A.B. asks: 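I'd like to ask you about the structure that follows.
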Amino acid sequence: MSKPKLIVIGNGMAGIRTVEELLLLAPHHYDITVFGAEPHPNYNRILLSPVLAGEQTFDQIVLNTVDWYAENHITLHMGKAITQIDRIRRVVVADDGSETPYDRLLLATGSTPVILPIPGKDLNGVLSYRDIYDTDTMIHAAKTKQTAVVIGGGLLGLEAANGLMLRGMAVTVVHLGHWLLDRQLDVAAGKLLEKSLRERGLTFLLGQSTAAIIGNAAGDVCGVRFSDGTEIATDLVVMAVGIRPNTQLALAAGLHCKNGIVVSDALQTYDPRIYAVGECVNHRGTAYGLVAPLFEMAKVAANHLALMGYGQYQGSILSTKLKVTGIDLFSAGDFMGSDEAEEIVLSDPAGGVYKKLVIKDDKLIGACLYGDTLDAAWYFKLLRDGRNISDLRDHLMFGESSVGDAGVAGQSRVSGMQDKDEVCGCNGVCKGTIVKAINEQGLFTVDDVKKHTKAASSCGSCTGLVEQILMNTLGTHFQETPKTKAVCGCTDHTHAQVRQSIKQHHLLNHAQVYEFMDWRTPNGCATCRPAVNYYLLSTWPHESVDDPQSRFVNERVHANIQKDGTFSVIPQMKGGVTNASELRRIADVADKYAVPLLKVTGGQRIDLLGIKKEDLVNVWADLGMQSGHAYGKSIRTVKTCVGSEFCRFGTQNSTQMGIDLETMLANMWSPHKVKLAVSGCPRNCAESGIKDVGVIAVESGWELYVGGNGGIKTEVAQFFCKVKTADEVKEYSGAFLQLYREEAYYLDRTVHYIARVGLDYVKAKVVEDAANRQALFERLLYSLDGLRDPWAERIAGKAKREFIPIKVIA
Amino acid sequence: MNMKANPSWISVCHIDEIPMLGSRVVEHPSGNIAVFRTANDTVFALLDHCPHKGGPLSQGIVHGESVTCPLHSWNIDLKTGQARAPDQGCARRFPSKLEEGQVFLSL
């Protein structure tokens, strides 16, 4: 059977990005043919300015080589423009007269520069700035000509002017508005920008409109005349007054266009067989001229072309950054403000710094920064998330570092970092390596950076830094990691969707989940399988069956793998309390198996390191102790102090409380590790303030704190409630943990879960609603009921083969 | 399967002794060998040594025709031993075959 034919008109970033997304979803569904009018493969149009400025070459900005098209079985016609779409016969006609039939058509014709309808616009030496041809022409002109006029003081105009100036020309920018970038900056920031560009050697004529371009007898440009009658001489004119969606083909084919090809939220035109993406479309009345929206559109269009049919494009919030080296400016959202909105402004004209934040209804709705854009990524995130900023308001202007939420060691100042400074401490990746990979390999997302450089791929604490580096390197074209992310590359579904489907449709095993949710891979991958396994177990306790092959090795063999492939063994020591007999057995095991290292852990237990896998079961048997679960996304340990039994300050028996909690929660699996502590008085010797559940005894009862951890980024636990009795401590903390088990996404610690849903929500469910608390607590006890100690099960013979290597008799 | 000329096949175990989507270690004087079983009962054998930092591939999660190293999550193609892009490296592969449920390796 022959495949349906997909034709893509436009070999640019939007069209090819859509094809790439489509190949991920349905690699073999279509015969794909791409037509491009330019005689080049797909290149990174946003990097034309660095090419003009001499900072990069064309080869460096190619995104897809000709080989890429061949490898993916895509027929590529470069330098062949489509002149007509015949929708009745479903063929496209190229400029050489050839016809190609289609079943689905993707229009990605981009935009064309606006040429002012003034006398002289067709003279030699009048250029626009749109593609590599224009860029080459400018580079060439700069070699022989001396003066240039750029009409248009917008992003493109300023980048063109800067590039020509760096190539040795004397450049004048003519702008109709009264300040530069009047669509991206307010007047104060625009004036600062003008000052610093003047200092670099550019000349500006603001509030001027061009009446005519003057030519000489040979038909070459020799000057420009303005509407007030003045003239200036020039050898070159670059028109950068805006772009217009290229709708010529679509209009001729009778498709509805109105300042762009009109598309639905599915990126479908009025002809259901024809989709359109990129700068040529008008979506909900907006035509976008930047790259970030194209990527979001590409994802949605690919989703529909792959017959999945649920993607929805809802428009994009834009941010702006000028790609002129050494000039830092940023704006996003509604930065001009209005009567209903409030403004916070910091202005230091002498220091060249200006910041304006626009706030409405306790939300950041716009930002305009000049001179100091270190916090641009943070403001943009607050803006896109629509987060209530009332709690940050006092510190908002002073940036992310001032609110103490800046990643490891308060390092939020990416642009102040040197290339050799380390960003990812786990994998030793420096800033320069990441910037290089972004530029050379055309990376746009945090996921791309993770794959290519390994930065942010281990503990993830530098993800924020990597986002900032992307933002600084790509400027306008940075694509923020979506808040609701797909679980992994095997699916487009989010963690929330997977959880919900498992619950709603009573899915009980992996195969059902992958089948029901249209997984792209037959049996998932190392990222999604453990997550799905946890969701199955936590949603349907006693019904779903644990799949050991979907667990990370540590949870499969109930010990912690070390760098040399040996394991560490930590027996349970409830509340950190042990006795002479246990210690004697640990000592005997250490001797018998020549354990290389015995160490006291931070969780008040003893770790035997360097155990060979085949010895594990025997070690457990000789220890005669239970698993400490020190290896799993599970309950770990309950740390205690000696409490009222011995300590002269102790107010309650915190040691027994810890032992009781650890007994209650034994063998509990959870989205991530769970650590508890019980302190006998507010001196807090058990460090309850940095635990998922921290209990502090006071004279009148117990205080509960939740959401702390001392890990990657230290988080102080928040006060949850105060209770009177030991039974209440168990019920409240058990109910809280069950809520976390039922609702958190896999690999979210309690702090992340609480940050997502809000502490008030958790309190409402656990503290204020007694019936719900009891129900949660009962569900916790039900799911823990009957779980056996995994070490005892294996001593009894379970999963025997796992631990025995095969010996070959040679 | 790519087989060398006249490989000397050694029987190592029955396929049921390897968990589906899992692996077993075969001890060998010149280094342990990981024998993998995929969802559709294909067996592959690689040196139990990740090309990155020598992690035991036998302990990784098997998915499709790949295994993810338990130490730093490199994905290794079971068929070729090659690390999946963008990582680069190769774990030595050994010819393997399945006959009447019996797994054979050529070492």
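What you see is a predicted model, and the numbers here were worked out from it, not measured in a lab. Side chains are part of it too, since the values below use all heavy atoms of this structure and drop only hydrogens, waters and symmetry mates.
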A.B. asks: Please classify the contact between A/Arg551 and chain B as side chain, backbone, both or neither, with a heavy-atom cut-off of under 4.5 Å.
C.D. replies: backbone
A.B. asks: Is there a side-chain contact between A/Cys528 and A/Trp519, using heavy atoms and a 4.5 Å cut-off?
C.D. replies: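 Touching, per the 4.5 Å side-chain cut-off.
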A.B. asks: Using non-hydrogen atoms and a 4.5 Å limit, figure out which bit of A/Thr527 sits close to chain B: side chain, backbone, both or neither.
C.D. replies: neither
A.B. asks: Strictly below 4.0 Å, N to O, side chains only: are A/Glu802 and A/Arg556 in salt-bridge contact?
C.D. replies: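 Yes, A/Glu802 and A/Arg556 are salt-bridged.
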A.B. asks: Select one option (side chain, backbone, both, neither) describing which atoms of B/Asn32 are under 4.5 Å from chain A's heavy atoms.
C.D. replies: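 B/Asn32 has no heavy atom closer than 4.5 Å to chain A.
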A.B. asks: So which of B/Met20, B/His72, B/Arg24 has the biggest tally of heavy-atom pairs under 4.5 Å with chain A?
C.D. replies: B/Arg24
A.B. asks: Would the distance check show the side chain of A/Glu614 and the main-chain N or O of A/Phe803 forming a donor-acceptor pair, the cut-off being under 3.5 Å?
C.D. replies: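 Such a contact is absent between A/Glu614 side chain and A/Phe803 backbone.
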A.B. asks: Below 4.5 Å from any heavy atom of chain A, which atoms of B/Pro56 appear? Answer side chain, backbone, both or neither.
C.D. replies: side chain
A.B. asks: Taking atom NE2 of A/His493 and atom CG of A/Asp518, what is their separation to the nearest 0.5 Å?
C.D. replies: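 Rounded to the nearest 0.5 Å, the NE2-CG separation comes out at 6.0 Å.
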A.B. asks: Below 4.5 Å from any heavy atom of chain A, which atoms of B/Val35 appear? Answer side chain, backbone, both or neither.
C.D. replies: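 When you check distances to chain A, no heavy atom of B/Val35 falls under 4.5 Å.
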A.B. asks: Sort B/Leu71 into side chain, backbone, both or neither according to what part of it lies under 4.5 angstrom from a heavy atom of chain A.
C.D. replies: side chain
A.B. asks: Classify the ring geometry between A/Tyr745 and A/His495 as parallel (under 30°), tilted (30 to 60°) or perpendicular (over 60°).
C.D. replies: parallel
A.B. asks: B/Ser58 versus chain A, heavy atoms under 4.5 Å apart: side chain, backbone, both or neither?
C.D. replies: backbone
A.B. asks: With rounding to the nearest 0.5 angstrom, report the CG to OH distance, A/Leu507 to A/Tyr514.
C.D. replies: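 Output value for this atom pair is 11.5 Å.
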A.B. asks: Considering only heavy atoms, which portion of A/Gln441 lies under 4.5 Å from any heavy atom of chain B: side chain, backbone, both, or neither?
C.D. replies: neither
A.B. asks: Relative to chain B, which segment of A/Pro548 carries a heavy atom at a distance below 4.5 Å: side chain, backbone, both, or neither?
C.D. replies: neither
A.B. asks: Among A/Lys451, A/Arg529, A/Lys613, which residue forms the greatest number of heavy-atom pairs with chain B at distances under 4.5 Å?
C.D. replies: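 Max contact count across the listed options: A/Arg529.
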A.B. asks: About how many Å separate OG1 of B/Thr68 and CD1 of B/Ile76, when rounded to the nearest 0.5 Å?
C.D. replies: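 The CD1 atom of B/Ile76 sits 8.5 Å away from the OG1 atom of B/Thr68.
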A.B. asks: Using 0.5 Å steps for rounding, measure from the NZ atom of A/Lys612 to the OG1 atom of A/Thr566.
C.D. replies: 9.0 Å
